[in-house]
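Below: one structure, written as structure tokens.
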Amino acid sequence: MALAPLTDRARVAERWWLWPLALWAVSRLVSTAFLGAFAGVQERSHWTPAQPDLLDYSTMWDAHWYYIVAVSGYPVELPRGDDGHVGENAWAFMPVYPMLARLLMLSGLPWEGAAVLLSVGASAAFSLVAYRLFQDLAPGRERFALALVLLSPVAPVLQLGYAESLFLLLLAGTLLAWRRRAWEWLWVLIPIMSLTRPGGLALALALGLWFLVRWWRERDGFPGGERWMLVGLGAWSALWGFGWLIACTIVTGSRGSYLETELSWRSAYIGRQELVPFTPWPIGLEWWFGGWWPVWLVGIVGAAVALLAGPWARGVALEGRLWTIAYFAYLAAVWFPQSSTWRLLMPAFPAALILAAVRPAWARGILLAVSIALQPVWIWFCWHHNAPDWTVP
């Protein structure tokens, strides 16, 4: 019996991957062009000679710490300054990305080639998974939202020697598994994601919020088995959220070793201070803006609330909104605001679905054009090295 020919719509659905991959390819050409132009005028730095090739230019800054992890692992004895405090060291960088790069190096690739290849490949896979996730979270908005993510001001980092691409791929897979109730995948993805970049605690919070919303809205339609599954996954995610801290404590024999390591990076700005949740932003904004810091804090909080609570957010499924809320809350609790903040906002990529609701079409075009125009701004102020340079990417 002859099969009926596919309709045009079915053919398009069958080749759904063409659009995200085409968009990914265009976005990488744009970012590569910008990075190549800046590499051509890069002066000699701590990491490269003058006018380095693109691979060397793509593995500056913290990529060198990932290189140290890939070839040397993690120190048992932590470096300490004259004041007795722990200094900057490799424990601030989680193991999945450098270990995968190390595997690629076994084929004969140098570190620079392995790191960039891993990031580029992960960014391509991320474009596919994120597109599927966006289709599930807000049908009809997926194309522009993905364009906004792949062409965002910090999009060049998707092909640099950083763990962002790999983390975003794992995060998109985790959120898609959550949205589709593929619980078995969450048990596997959460540990890997949490050992790539911090995210386990934010996901635990998101799952907890989802539990409360469902309990409130549909108590009778919230099966007991699913309740216990969510409790277990929330605990699992929280455990792995602290997993790297626990590993650092076991290896170094010091309970405060991981937190001291993380705090060493911000000590250059504000000196040594204890981590008190939700205080880094007021402290950081006061350091940046002096007495105007309350105005900035209110503005930032207000913008976040307007983005996530406005009517334009209603077309985005609850899972996407709750993850974004939880991740913003995580950053508010522990992150010290500085030039890396722009890169740290990338895991909130489902928020692009909210921005995709902008109307009319020309307004979305302006938003995308401004986003692309800000890529060289980010490269110049954050990635490009002009000694003395403290605007870390």
Side-chain angles (χ1 to χ4, degrees), residues 17-18 20-40 42 45-49 51-74 90 92-132 146 149-152 154-174 189 192-193 195-197 199 343 346-347 349 375 378-379 382-385 393:
W17 46 268
L18 286 175
L21 282 185
L23 182 56
W24 168 83
V26 170
S27 71
R28 290 313 91 211
L29 288 174
V30 171
S31 293
T32 299
F34 286 139
L35 288 167
F38 280 101
Q42 174 63 58
S45 70
H46 302 298
W47 307 279
T48 70
Q51 298 181 317
D53 61 36
L54 189 58
L55 286 179
D56 283 340
Y57 189 70
S58 299
T59 47
M60 301 195 307
W61 296 98
D62 286 347
H64 186 68
W65 283 109
Y66 284 118
Y67 167 73
I68 291 173
V69 173
V71 300
S72 303
Y74 295 93
F93 302 90
M94 293 179 169
V96 174
Y97 176 80
M99 292 298 102
L100 288 178
R102 175 66 176 175
L103 288 176
L104 291 175
M105 291 169 68
L106 295 178
S107 69
L109 282 173
W111 157 254
E112 295 80 5
V116 171
L117 178 62
L118 178 56
S119 292
V120 170
S123 70
F126 165 70
S127 70
L128 295 171
V129 179
Y131 187 76
R132 281 301 210 193
L146 185 62
V149 174
L150 295 180
L151 291 165
S152 67
V154 294
V157 81
L158 295 174
Q159 63 191 74
L160 302 177
Y162 275 45
E164 261 64 25
S165 289
L166 184 60
F167 178 72
L168 291 178
L169 168 61
L170 293 165
L171 174 59
T174 299
L189 287 170
I192 304 171
M193 180 192 76
L195 294 178
T196 303
R197 281 199 55 78
R343 175 173 58 88
M346 290 197 79
F349 69 90
Q375 282 195 33
W378 180 83
I379 294 172
C382 293
W383 188 260
H384 197 78
H385 186 262

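For the numbers below, each heavy atom of this structure counts, side chains included, while hydrogens, waters and symmetry mates do not.
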Check whether any side-chain heavy atom of [X] sits under 4.5 Å from a side-chain heavy atom of [Y], and report yes or no.
X	Y	value
Pro393	Trp378	yes
Thr48	His385	no
Leu150	Ser127	yes

Quick check: closest heavy atoms across [X] and [Y], and the distance to 0.1 Å?
X	Y	value
Ser152	Met346	OG-CE, 4.5 Å
Pro52	Ala39	CD-O, 3.5 Å
Ala90	Gly73	CB-O, 4.3 Å
Met105	Ala114	CG-CB, 3.7 Å
Leu104	Leu109	O-CB, 3.9 Å
Gln375	Ser31	OE1-OG, 2.9 Å

Non-neighbouring partners of [X] that pass side-chain contact (heavy atoms from CB on, under 4.5 Å), sequence neighbours left out:
X	answer
Ala92	Thr261, Glu262, Trp265
Phe349	Phe126, Ala130, Leu133, Phe134, Val149, Leu168, Leu171, Ala172, Leu175
Ala163	Tyr66, Tyr97, Thr196, Arg197

Whether the side chain of [X] engages the backbone of [Y] through a donor-acceptor N/O pair (distance < 3.5 Å, no angle test) should be reported.
X	Y	result
Asp62	Trp65	no
Ser119	Val116	no
Ser165	Leu158	yes

Fill in: Test side chain to side chain contact (heavy atoms under 4.5 Å, CB included) applied to Trp111 and Val71, step by step
CA-CA 9 Å; Trp111 157 254; Val71 300; 6.0 Å; no

Discussion item. Which residues pass the ring pair (Phe, Tyr, Trp, His ring centres under 6.0 Å) test with Tyr162, not counting sequence neighbours?
Written reply: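 So Tyr162 forms a ring pair (Phe, Tyr, Trp, His ring centres under 6.0 Å) with Trp383.
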
Worksheet item: Just checking, is any N or O donor in the side chain of His384 or Gln42 under 3.5 Å from an acceptor N or O on the other one?
Response: yes

Worksheet item: Between Ser123 and Gln159, is any side-chain donor less than 3.5 angstrom from a side-chain acceptor?
Response: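 There is no such pair (donor and acceptor under 3.5 Å, judged by atom type) between the side chains of Ser123 and Gln159.
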
Worksheet item: Who pairs with Arg343 by salt bridge (charged side-chain N to carboxylate O under 4.0 Å, His left out), at least two apart in sequence or on another chain?
Response: Glu164

Discussion item. Enumerate the salt bridge (charged side-chain N to carboxylate O under 4.0 Å, His left out) contacts for residues 98-113, please, sequence neighbours excluded, ordered by first and then second residue.
Written reply: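 Listed by first then second residue: nothing to list.
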
Item to complete: Test side chain to side chain contact (heavy atoms under 4.5 Å, CB included) on Tyr67 and Thr59 and set out the steps.
Response: CA-CA 9 Å; Tyr67 167 73; Thr59 47; over 6 Å; no

Nearest-0.5 Å distance, [atom1] of residue [X] to [atom2] of residue [Y]:
X	Y	atom1	atom2	result
Met193	Leu195	CE	CG	10.0 Å
Phe38	Ile379	CZ	CD1	5.5 Å
Ile68	Tyr74	CD1	OH	11.0 Å
Leu170	Ile192	CG	CD1	6.5 Å

Item to complete: Decide if the gap between the ring center of His46 and the ring center of Trp61 is smaller than 6.0 angstrom.
Response: no

